[in-house]
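Since the structure comes first, as structure tokens, the remarks are kept for the end.
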Amino acid sequence: MLDFTADLPALTGGTLLLAPASPAPVQSLLLDSRRVGQAAGSAFFALRGPQHNGHRYLPELYRQGVRLFVVDRAEEIPDGLLAYPEAGFLLVEDALAALQAVAAAHRRRFRLPVLGITGSNGKTIVKEWLAQLLAPDELLCKSPRSYNSQVGVPLSVWELNTTHTLGIFEAGISERGEMARLAAVMQPTLGLFTNLGTAHDAGFRSPQEKVEEKMQLFRNVDTLFYCLDHDLIHAAARQHLPEYRTFTWSRQHPHLAHVAVTVAEASADRTVVRVSMARPLPQEHTFTLPFADEPSVENALHALSVLLWHQVPTADIQHRLDRLQPVAMRLEMKQALNDCYVLDDTYNNDLAGLSLALDALARQPRRGRRTLILSDVLESGLAGPELYARAAAQLATHGVDRLIGIGTEIRLHQLAFHDVELAFHDTTEDFLRHFRPDDFRHETILVKGARRFGFERIVAAFQQKIHGTVLEVNLDALAYNLNFYRRRLQPGTKLMVMVKAFAYGSGSAEVANLLQFHRADYLAVAYTDEGVDLRQQGISLPVMVMNPSPDAFQKLRQYHLEPEIYSFERLHDYLRAAQEQPLPAIHLKLDTGMRRLGFAEEDLPELVQLLRENAAHLRVASALTHLAGADEEQHNDFSRRQLAAFQRMAPVLEEALGYPIIKHALNSAGILRFPEAHFDMVRLGIGLYGVEASGREQDALQPVSTLRTTISQVKTLPPGETVGYGRRGQAADFERRIATLAIGYADGYDRRFGNGTGEVVIRGQRAPLIGNVCMDMCMADVTHIIGAQAGDTAEIFGPQLPLPELSTRIGTIPYELLTNVSERVKRVFVAE
Ligand SMILES: *Cc1c(COP(=O)(O)O)cnc(C)c1O
């Protein structure tokens, strides 16, 4: 690990203003005071931007326990160095350059292949797809989302560790000189150039200059993948790399490329391609790509060429292509008000992107008219009249009925658009000021805008009254809670996060992705298939499977999943399988009082003997136990006896094995209540999802999940009448207003909440349930809530109705409410 005092001055050319008290290994790179995880070992880089100066946050960071600081203006350290007696300060010329130098040094420590991806479009999609396609063969380190900038690339590269077998990172630039810096950090050994598009960024004088700049990423790669049909890319590749260091595919020049592609059949939702290669042996294959639009086909062909080069068996390739998931982050389909759907593409807006988005719009089943809300088209390199003539032609071929143009450019060229209903606004604010929900009904609305137009606000306006039931998962709150627990760990303690049961109902893939980004050390799931799912989503963290069945041992091997072994029977099964083929390391569960699963103390002699006899083909990663009453004071004595038993038992195993193993015992409540027993690792569960199980520090956590539904109808109930099945709910002696809500027990809303036991929040006020909870609906009494009407949102649980309170009302625990939310309820992930 790089050391702040010993390594950073030389790496960055900086001067130590203040040396930290002791050796200070740099464990994480920190740029944002709101994201402090484990403060110890975090090195903060005081970056500056147009409206941001990292130096300002030094006092707050110091209070949070951060001790390592890289600054580039000594005079901007608030209150001077004396205010930070325990810290280390490194003064550098430029904090961003220092960050990059440190990440580059980290990268140099690993001798693994790294694939760098750049190009105008498709970087993120190609990266995500390659991750999905290569997941069975590789342990991948990849940039999260589209972390491809001067800051994003260093942070991505910093994630590399010794378990990875392949890195895939994307690089995006907007000016000359930037790519060489990214190349120095990433040090790719393989390259992929996606395309050049029609984009022309302001930062470049010509397309040639831009392609030259992008090619800087690939100066030292062993192999560059690209499509030979892009003339400029081909010319630049020829100039910089000998042919043997390229691997090309082509549809137009089949004889020149390594992989010749012909489209055999294109239908509405898939494309069949015939692929022929002359080397290593002449061969021809047919693949079906699960896409029809041109950008997706090109992206899939890029990915396919890498698989062919990697010599993945062709039968496997088709199998993996079939399971390819569209990458949601760019184009999201959302339910919106008045029975509309919004196709959210507020990410960028150039011509190629517009055609991709219109393809997606056209693929939607027709439900009323198709509306396009479009900003000025940027980065096209074309003059206005031609640009908007082309955009108009695209609208016409995709059956758009109405165009709402936002921006002064598009308004200027409005005469280009024919045969569609038109409206224009100069700015997004202007549109929002005139926004009338009733102008949109039962239609599909594509919202497509360049980033700087802030079209997310338009999407939000459409979603205000989203119908149906959703579970909103706040990823920022999740990260916040993660960091809360991290700060409470003893230095050096590893963190395993439980993502069993669909990540406590929150959605495993998204949560795991976030945890990987925030560098959790381990994940744990209950069943093998849950682990396989994570791998297929490109998660490369070590994963423990708590209840692996013997028939799934081969899957454990194939997907690098580590089983928990809790009985002699399972151990013998595993040893038998391990004699034939090496299997992943195991985790030994010790029963210290839970009396559920695990080896008891009296089993140890036999266990030790077995481990000794099989040392050659069995590795033990950890020993663990689980407390029966970690969250409750009344069980403290019992918990301490459990921990003591664990401390007797685990070392016996460690000694027999002759190498160190990870020892862990505590769940979320235990982490806070038994800081002396963190041992080598802890297992965080419910706390991550915003529930503090011991109840003592609930206020320190942020609520993560909000379950929401809408009012379908409001009725007036005369005195003496009843509501719903079994005629249980009665309007007593006065008239009541009853709201019917679109949620029932089939969505996971417990029947025990019926008849006044449960409450929901409407317009900021609580409303008790009346009558029984039905399968798909329930009713609330809104007599006292002025203005409550159909379409209003009702919070079922969330910030206004905390899970602990609700679970107490029906005599259960928050865990049950969270994991009960049925899979038919849509999950919506929100992040800053
Ligand atoms: C689920 C689980 C945890 C996490 O428990 P929380 O109370 O949710 O923190 C820890 N260890 C084991 C073995 C578990 O099954």
Side-chain angles (χ1 to χ4, degrees), residues 103-104 106-149 151-173 179 182-195 214 217-218 220-227 247 249 298-312 317 320-321 323-330 509 512-514 516-517 519 534-541 559-560:
H106 180 73
R107 165 69 184 94
R108 282 195 291 276
R109 298 171 54 219
F110 304 100
R111 297 177 54 86
L112 81 175
V114 164
L115 173 67
I117 304 181
T118 196
S120 297
N121 289 302
K123 295 185 283 292
T124 304
I125 295 175
V126 172
K127 178 196 73 193
E128 294 294 329
W129 281 354
L130 273 173
Q132 290 178 24
L133 293 166
L134 291 171
D137 309 323
E138 305 282 353
L139 279 171
L140 277 164
C141 181
K142 65 179 166 87
S143 352
R145 287 185 240 152
S146 48
Y147 267 48
N148 60 25
S149 67
V151 170
V153 170
L155 291 183
S156 302
V157 165
W158 185 258
E159 303 297 310
L160 278 172
N161 64 46
T162 51
T163 67
H164 294 125
T165 60
L166 173 68
I168 305 186
F169 304 112
E170 52 173 292
I173 52 164
M179 194 57 97
L182 297 184
V185 174
M186 198 190 291
Q187 301 154 37
T189 62
L190 302 169
L192 195 157
F193 204 142
T194 59
N195 55 45
K214 295 201 172 185
L217 184 61
F218 305 129
N220 297 312
V221 297
D222 299 326
T223 304
L224 172 66
F225 301 93
Y226 68 92
C227 170
F247 190 86
W249 62 272
E298 181 180 279
N299 291 335
L301 288 172
H302 281 311
L304 179 61
S305 75
V306 175
L307 296 198
L308 289 169
W309 173 85
H310 202 46
Q311 299 185 0
V312 175
I317 293 182
R320 294 181 198 179
L321 284 171
R323 284 182 324 206
L324 213 49
Q325 309 264 338
V327 178
M329 54 169 275
R330 279 196 58 176
N513 225 341
L514 181 114
Q516 177 155 306
F517 175 60
R519 313 188 89 200
L534 292 178
R535 288 286 182 255
Q536 286 176 344
Q537 304 283 343
I539 301 299
S540 61
L541 287 177
Y559 291 95
H560 311 274

When rounded to the nearest 0.5 angstrom, what is the spacing between [atom1] in [X] and [atom2] in [Y]?
X      : Y      : atom1 : atom2 : result
Gln187 : His106 : CD    : NE2   : 11.0 Å
Leu217 : Leu224 : CG    : CG    : 9.0 Å
Thr189 : Leu112 : OG1   : CG    : 7.5 Å
Leu324 : Trp129 : CG    : CH2   : 5.5 Å
Leu192 : Lys127 : CG    : NZ    : 13.0 Å
Glu298 : Asn195 : CD    : CG    : 4.5 Å

What is the minimum heavy-atom distance between [X] and [Y], and which atoms define it?
X      : Y      : value
Ala183 : Pro188 : O-CD, 3.9 Å
Leu308 : Ile317 : CD2-CD1, 3.9 Å
Asn161 : Phe110 : C-CE2, 3.5 Å
Thr194 : Ile117 : CG2-CG2, 3.9 Å
Ala184 : Ala104 : O-CB, 3.5 Å
Gln132 : Pro136 : O-CD, 4.1 Å

Please test Thr163 against His560 for side chain to side chain contact (heavy atoms under 4.5 Å, CB included), starting from the C-alpha separation and ending with a verdict.
CA-CA 11 Å; Thr163 67; His560 311 274; over 6 Å; no

Are [X] and [Y] side-chain neighbours, meaning at least one heavy-atom pair lies under 4.5 Å?
X      : Y      : answer
Gln516 : Ser540 : yes
Leu140 : Arg535 : no
Leu304 : Leu301 : yes
Phe225 : Trp309 : yes
Leu190 : Val221 : no

Please identify which of these residues, Ile168, Leu130, Leu166, Leu133, meets the side-chain contact (heavy atoms from CB on, under 4.5 Å) condition with Glu138.
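Answer after filtering Ile168, Leu130, Leu166, Leu133: Leu166.
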
Determine whether the aromatic ring centres of Phe169 and Tyr147 lie less than 6.0 Å apart.
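Aromatic pair excluded; centres sit 6.0 Å or further apart.
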
With a 6.0 Å cut-off on the ring centroids, do His302 and Trp249 count as close?
yes

Any side-chain donor-acceptor pair under 3.5 Å between Glu170 and Thr118?
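No, because no side-chain N or O of Glu170 sits under 3.5 Å from a partner of the opposite role on Thr118.
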
Counterpart residues, side-chain hydrogen bond (donor to acceptor under 3.5 Å, both in side chains), relative to Asn299 (two or more places apart)
none

For Arg519, salt bridge (charged side-chain N to carboxylate O under 4.0 Å, His left out) partners two or more places apart
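Only Glu159 meet the salt bridge (charged side-chain N to carboxylate O under 4.0 Å, His left out) criterion with Arg519.
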
